[in-house]
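Remarks on the structure that follows.
Bear in mind the structure is a predicted one, so any value in this text is a computation, not a measurement.
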Amino acid sequence: MRPFPLSLFALPTGLLTCALTAAQEAPRETVMPVENVRYDYAQVLSVRPVYQTLRTTSMEKVCDPREPAKSATLARVMNAVRDRLNPAKEGEGENCRMEPVVKEYRRTIAYDVDYMYRGSKFRTRMDSDPGNRLRIRISITPHPVE
């Protein structure tokens, strides 16, 4: 049997050595520029509250009146006198029942603020009303060249 020439074994070994050398090279360091930050004020154009609507349902006692009233004022006076002279237990002599009553509440959860800075209009959502002017953070960072 005839041995393989040395050059055939050297070729794969040389490729492997080059690959290992390339893998061990130090990665290029990326330098991030320092961010330039300053603060200024912008003119607030409008503020609109953002609402959340909450609905609750509860069972409440609803009673029909004891007798039809001739006039609201006269009925109120007559009921007051009758209750003073003959105190009855609540709901006695009345047609009462439990009914679901739906109540709706609105609460402010945020504010949409439109403002202008150096001729450009912007919009943001904030947790409080900023008033007539808004303090803004201005950050300038150069775009990296690719």
Side-chain angles (χ1 to χ4, degrees), residues 7-146:
S7 63
L8 290 179
F9 286 117
L11 182 63
T13 308
L15 288 175
L16 182 62
T17 305
C18 288
L20 288 176
T21 305
Q24 291 177 355
E25 280 185 22
R28 289 184 138 180
E29 289 187 27
T30 304
V31 178
M32 295 300 294
V34 177
E35 185 178 26
N36 297 315
V37 176
R38 67 184 178 98
Y39 295 90
D40 203 355
Y41 288 91
Q43 176 68 39
V44 173
L45 302 173
S46 67
V47 178
R48 287 176 308 284
V50 178
Y51 295 106
Q52 178 184 33
T53 303
L54 303 171
R55 290 181 183 88
T56 61
T57 304
S58 62
M59 298 299 285
E60 291 186 9
K61 186 177 184 179
V62 177
C63 298
D64 294 331
R66 295 179 188 173
E67 58 192 48
K70 296 175 180 115
S71 76
T73 307
L74 180 61
R76 203 174 320 125
V77 171
M78 288 174 54
N79 287 338
V81 170
R82 181 178 39 220
D83 291 343
R84 262 311 188 185
L85 296 174
N86 185 15
K89 293 180 183 174
E90 186 179 337
E92 186 178 301
E94 298 176 359
N95 185 16
C96 295
R97 64 196 168 281
M98 297 297 285
E99 288 187 359
V101 176
V102 178
K103 294 182 181 175
E104 192 172 281
Y105 304 95
R106 274 185 7 164
R107 70 176 187 153
T108 305
I109 58 170
Y111 294 88
D112 285 336
V113 179
D114 292 334
Y115 62 97
M116 182 176 286
Y117 181 72
R118 292 198 175 186
S120 296
K121 292 181 182 178
F122 301 93
R123 175 175 290 161
T124 188
R125 183 165 281 186
M126 302 181 72
D127 59 350
S128 63
D129 187 341
N132 293 331
R133 65 184 194 156
L134 176 66
R135 186 168 190 231
I136 57 174
R137 178 180 184 266
I138 301 164
S139 168
I140 301 170
T141 306
H143 188 275
V145 179
E146 294 179 21

Under the side-chain contact (heavy atoms from CB on, under 4.5 Å) criterion, do T57 and V102 qualify, and how do the steps go?
-> CA-CA 4 Å; T57 304; V102 178; 3.8 Å; yes
Considering all heavy atoms, the nearest V47-P130 contact | CG2-CD, 4.2 Å
Would you please name every residue forming a side-chain hydrogen bond (donor to acceptor under 3.5 Å, both in side chains) with S139, sequence neighbours left out?
-> E35
By ring-ring contact (aromatic ring centres under 6.0 Å, His included), Y115 pairs with (sequence neighbours left out) F122
Does D40 have any side-chain hydrogen bond (donor to acceptor under 3.5 Å, both in side chains) partners at least two apart in sequence or in another chain, and if so, which?
-> Y117
Under the side-chain hydrogen bond (donor to acceptor under 3.5 Å, both in side chains) test, which residues partner R107, sequence neighbours left out?
-> Q52
Between M116 and A42, what is the shortest heavy-atom contact and its length?
-> O-CB, 3.4 Å
Which pairs, with at least one residue in residues 37-57 and sequence neighbours excluded, count as a ring-ring contact (aromatic ring centres under 6.0 Å, His included)?
-> none
Residues pairing under salt bridge (charged side-chain N to carboxylate O under 4.0 Å, His left out) where one sits in residues 119-131, two or more places apart or in two chains, turn out to be D112-R125, D114-R123
Gap between atom CZ of R133 and atom CD of Q43 - 0.5 Å precision | 9.5 Å
Step through the shown structure and confirm whether more than 12 heavy atoms of other residues, nucleotides or ligands are within 6.0 Å of CZ on R106.
-> no
Nearest 0.5 Å please: distance from the CD1 atom of I136 over to the CZ atom of R118.
-> 9.0 Å
